[in-house]
> 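Pasting a structure below so you can have a look.
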Amino acid sequence: MPRGPWPAPRTVRQAAELHALLTTSGGILYRPYAHHLLNSAVNCLLPSEPLHLRYALHVFDRLPASTFLLGTALRACFRAGSSSWGDPDRPFLLFRRTRRAGVRPDAFAFHFLFKCSSSRPHALLCTMLHAACLRTMLPSAAPFVAHSLIHMYVELGLAGDARRAFDEITVKDAVAWTMVISGLAKMGMLGDAQLLLSQAPVRDVISWTSLIAAYTRANRANEAVGCFKSMLSEGIAPDEVTVIGVLSACAQLKDLELGHSLHLLIKEKGMLMDENLVVALINMYAKCGDFVHAQQVFDAMGRGPRPHSWNAIIDGYCKHGHIDVARSLFDQMEVCDLITFNSMMTGYIHSGQLREALLLFMNMRRHDLRVDSFTVVCLLTACASLGALPQGRALHAFIEQRLVEADIYLGTALLDMYMKCGRVDEATIVFQRMGKRDVHTWTAMISGLAFNGMGKAALEHFYQMRRDAVQPNSVTYIAVLTACSHSCLLSEGRLYFDEMRILYNIHPHIGHYGCMIDLLGRSGHLDEAMDLVNTMPIQPNAVIWASILSACRVHKHIDLAQCAAEHLLKLEPDEDGVYVQLYNIYIDSRQWENASKIRMLMEERQVKKTAGYSAITVAGQVHKFVVSDKSHPRILEIIAMLEEISHRLKSVGYSPLTSQITVDVDEEEKEQTLLGHSEKLAIAFGLISLAPNLPVHIIKNLRVCEDCHSAIKLISRLWNREIIVRDRSRFHHFREGKCSCDDFW
DNA sequence: TTAGGGTTAG
């Protein structure tokens, strides 16, 4: 054992040698110098293996308790705690043991205890440590203790406690101000953070930056940019982190001009282009649709092995519909992560390529990626638009088994899936079980009820939403007005259409006008509907003229129908639906000549009729039928069932609506054509293959024809079967001879 | 032995 000063160890090996000396040479341990040496040994050991740290703590256990060593040991625990092998209880056990030995903890001990507690969600423990600290010392006496105390409460999301800890400090230093402001901002208490910022004696780059980032995270990009401007006007220079936050706000606002000027600022100031800044820049350019610059930054900096910048540009391409470019980048990636897959899958889903999305999902396993709630939300969205109920249910089971953490997005996507599959009861159960509901959740519920023809229930949910103090937004009002129009609730619709402006300052856009015009048209107030078309501040679009056209058909208003059709044919000359609607109107009113003119016009313009189909899922397999389809392997049984249907329908006085068929064939053949409609084939197949207690669930790409609608009502009664048909724009729930749409669709 | 802010997917 050398007598002179022993050099502080620099390597694990030197530290181990020192440990050996310290533990074998007895008396030296009691000299303060040994404590310093031990301390530097721990510094060497900390970033190395868990075994070394355990050894160091083992040595602490055998040393006589001292304030100094407690601090060092707690620091060791804290450093270890950030890795997976740290024992979370150790610091608190150490603290208790030393206190029992009569040792008074000092500021450093409390500092590290608070730091250790930040990662443990244990509010009571924190309060007890806080109280112990106050009994021993004043946090203000050592500013860093006050800082770590605030930090601890912030990390645990305890805003009130963080604020109290701050208020307790008698002499508040600049860091304490910054910490409480950034902490409140991080917890989403933006109003409080903003107020404190205005009261702070010094506002530095960090407090401004945290507020900017928090506004951006809360989707309040305008306010984030506002903060940035105030910060500049106070003469505070932004740094890299500030710029990242503002770039993200620019991406949200699609403010390319500001984004580009920030890029210039980065170059001018020679800011460090680290990965985070590169990601933020690429994201800004890509979200603004400036792929020339996005690609430039990406090619210069982002093509590294790590996926973050790839993710930013891939998501940008997906969001702008350039799925193929995104996919080609995706295929070039060496390392993908969950975000890459989720972005790509979302891209595919939004562009309607559901199969590709599901293939990617299958691929995730090969990359050893665990599915998370984002992924499940993507898949549920796909199930919802496909109407894939069994697959959606499988995902629900996956959630119930807690294989993925459920959050508010997941709950909303799940209830939306059930709604879009026509399962109002299951959607309602999901809704009722959700602990937290935001405006999206309520809107999904209201719009789901609306499309399923339960307008009154939708409005009841709207009242309840407001009772729960959730503010409706523009989309909520679309759902509310849809509920009114699908259930013909005219006076309610009028009320809400006016109310949204007065109560919430939401100005109606084309979608709201569309719902209102649809509602007026359906209720037979075609003049009023046309008044609104003529007086609204926006040019009417195809959806609006299509509503007028359908209302004209129901209310037999030929002249107006012609006018609406003319507008539609100008706006969407290739859309077959318009021709078909107008054609049917002429047929209904027996204007054969006009009808054949429409037919000729279609031929002339080479407009092709979209092939109608109906799909039904049996035992996880989707069966798709087109009109007069003979391709199904069980076609003989299906035909036999169709004959039975025809026979039983006629026995209760039903006569097929053959007037809709204009082809010059005999009545028998017309009946056969109607019987071969895809929805009837799908229902016949459902009746022969599904258990009698299961509802028959059909998904159709076009509107249900009138003959099928009447026939299905009767089938539901005769077979005592619930039949659900999702058509192009709504749901029909057939039960006991009635339909939820009240024959209005 | 002591301190604060951040990006990409629904």
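Every chain is numbered from 1 and lettered A, B, ... according to where its sequence line falls, protein lines coming before strand lines. What you see below is based on every heavy atom in this structure, not just the backbone, and it leaves out hydrogens, waters and symmetry mates. Here the structure is a predicted model, which is why all the values come from computation and not from measurement.
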> Indicate, with yes or no, if the rings of A/Phe330 and A/Trp310 have centres closer together than 6.0 Å.
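A/Phe330 vs A/Trp310: aromatic centres not under 6.0 Å.
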> What contact category does A/Ser148 fall into here, base, sugar-phosphate, or nothing, at under 4.0 angstrom with non-hydrogen atoms?
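Result for A/Ser148 = nothing.
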> Decide whether a cation-pi geometry holds between A/Arg437 and A/Phe431; the criteria are a distance under 6.0 Å from NZ or CZ to the six-membered ring centre and an angle within 45° of the ring axis.
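Geometry flag: set, cation within 6.0 Å and 45°.
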> Could you state the atom-to-atom distance from CD1 of A/Ile181 to P of B/dA3 in whole Å?
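So the CD1-P distance, A/Ile181 to B/dA3, works out to 20 Å.
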> How many Å lie between CZ on A/Phe166 and C1' on B/dG4, as a whole number?
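Spelled out: CZ on A/Phe166 to C1' on B/dG4 is 13 Å.
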> In whole angstrom, what separates A/Ile236's CD1 from B/dG5's C1'?
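To the nearest whole Å, that distance equals 13 Å.
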> Does anything in residues 204-214 of chain A come within less than 4.0 Å of DNA chain B? Heavy atoms only, and list the residues if so.
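Under 4.0 Å from DNA chain B: A/Asp204, A/Val205, A/Ile206, A/Thr209, A/Ser210, A/Ala213.
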> Ignoring hydrogens and angles, are the base of B/dG5 and the side chain of A/Ser182 linked by a donor-acceptor pair under 3.5 Å?
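Under the 3.5 Å cut-off, the side chain and the base do not form any donor-acceptor pair.
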> Can you identify which nucleotide, out of B/dG4, B/dA9, B/dT7, has its nearest atom closest to the A/Ser343 side chain?
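The nucleotide sitting nearest to the side chain is B/dA9.
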> Is the A/Phe341-A/Phe361 ring centre distance short of 6.0 angstrom?
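Not under 6.0 Å, so no.
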> What's A/Asp106 touching, base or sugar-phosphate or nothing? Going by heavy atoms closer than 4.0 Å.
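If one applies the 4.0 Å heavy-atom cut-off, A/Asp106 turns out to touch nothing in the nucleic acid.
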> Does any N or O donor sit under 3.5 Å from an N or O acceptor when you compare the side chain of A/Thr216 with the base of B/dG6?
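When only heavy-atom distances are counted, A/Thr216 does not reach the base of B/dG6 through any donor-acceptor pair under 3.5 Å.
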> Quick one: label A/Arg306 by what it contacts on the DNA or RNA (base, sugar-phosphate, nothing), any heavy atom closer than 4.0 Å.
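It contacts nothing in the nucleic acid.
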> What integer distance in Å separates A/Ile244:CD1 from B/dG5:P?
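Rounding to the nearest Å, CD1 of A/Ile244 and P of B/dG5 are 14 Å apart.
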> Atom CD1 of A/Ile339 and atom C1' of B/dA9: how far apart are they, to the nearest Å?
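The answer, rounded to whole Å, is 6 Å.
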> How long is the line joining NZ of A/Lys115 and P of B/dT2, in whole Å?
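Rounding to the nearest Å, NZ of A/Lys115 and P of B/dT2 are 9 Å apart.
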> Using the side-chain heavy atoms of A/Val241, tell me which of these nucleotides is nearest: B/dA9, B/dG6, B/dT1.
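Among B/dA9, B/dG6, B/dT1, the one nearest the side chain of A/Val241 is B/dG6.
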> Output the single nucleotide from B/dG4, B/dT8, B/dT1 whose closest atom is nearest the side chain of A/Asp315.
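The listed nucleotide nearest to A/Asp315's side chain is B/dT8.
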> State which of B/dT2, B/dA9, B/dT7 makes the closest approach to the side chain of A/Lys319.
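Given the options B/dT2, B/dA9, B/dT7, the side chain of A/Lys319 is closest to B/dA9.
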> Just grab all the side-chain hydrogen bond (donor to acceptor under 3.5 Å, both in side chains) pairs involving residues 179-192 of chain A, residues at least two apart or on different chains.
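Listed once each, the pairs are A/Glu155-A/Lys186.
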> A/Asp372 near the nucleic acid: base, sugar-phosphate alone, or nothing, with a heavy-atom cut-off under 4.0 Å?
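If one applies the 4.0 Å heavy-atom cut-off, A/Asp372 turns out to touch a base.
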> Mind checking A/Ser248 for me? I need base, sugar-phosphate or nothing, with any heavy atom below 4.0 Å counting as a touch.
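Sugar-phosphate only.
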> List in chain and number order the residues that pass side chain to side chain contact (heavy atoms under 4.5 Å, CB included) with A/Ser261, two or more places apart in sequence or in another chain; answer none if no residue qualifies.
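In terms of side chain to side chain contact (heavy atoms under 4.5 Å, CB included), with neighbours along the sequence ignored, A/Ser261 is linked to A/Leu258.
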> Atom OG1 of A/Thr242 and atom CG of A/Leu211: how far apart are they, to the nearest 0.5 Å?
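It is 12.0 Å, given to the nearest 0.5 Å.
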> Is A/Tyr409 stacked against the base of B/dG10, taking the criterion as centroid distance under 5.5 angstrom and interplanar angle under 30°?
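It does: the two rings, one from A/Tyr409 and one from B/dG10, meet the stacking criterion.
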> Centres of the A/Phe144 and A/Phe108 rings: under 6.0 Å?
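Under 6.0 Å, so yes.
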> So, do A/Phe108 and B/dT2 meet the stacking rule of ring centres under 5.5 Å and planes under 30°?
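No, the aromatic ring of A/Phe108 does not stack with the base.
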> For A/Asn283, answer base if it contacts any base atom (sugar-phosphate contacts may also be present), sugar-phosphate if it contacts only those atoms, and nothing otherwise; contact means non-hydrogen atoms under 4.0 Å.
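Sugar-phosphate, backbone atoms only, no base.
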> Are A/His293 and A/His263 an aromatic pair by the rule of ring centers under 6.0 Å?
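No, too far apart.
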> Please give, in whole Å, the distance from B/dT7 C1' to A/Ile313 CD1?
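A/Ile313 atom CD1 is separated from B/dT7 atom C1' by 15 Å.
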> Going by an N to O cut-off under 4.0 Å, is there a salt bridge joining A/Asp315 and A/Lys287?
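Salt bridge present between A/Asp315 and A/Lys287.
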> Nearest to the side chain of A/Ser373 - B/dG10, B/dG6, B/dG5?
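Within the option list, the nearest is B/dG10.
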> For B/dG4, take OP1 and OP2 only and decide whether either is under 4.0 Å from a side-chain N or O of A/Lys172.
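No, A/Lys172 has no side-chain N/O under 4.0 Å of OP1/OP2 on B/dG4.
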> For A/His111, which contact category applies under a 4.0 Å heavy-atom criterion: base, sugar-phosphate, or nothing?
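Sugar-phosphate, no base atom in range.
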> Without decimals, in angstroms, what is the distance between A/Met271 CE and B/dG5 P?
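Those two atoms, CE and P, are 19 Å apart.
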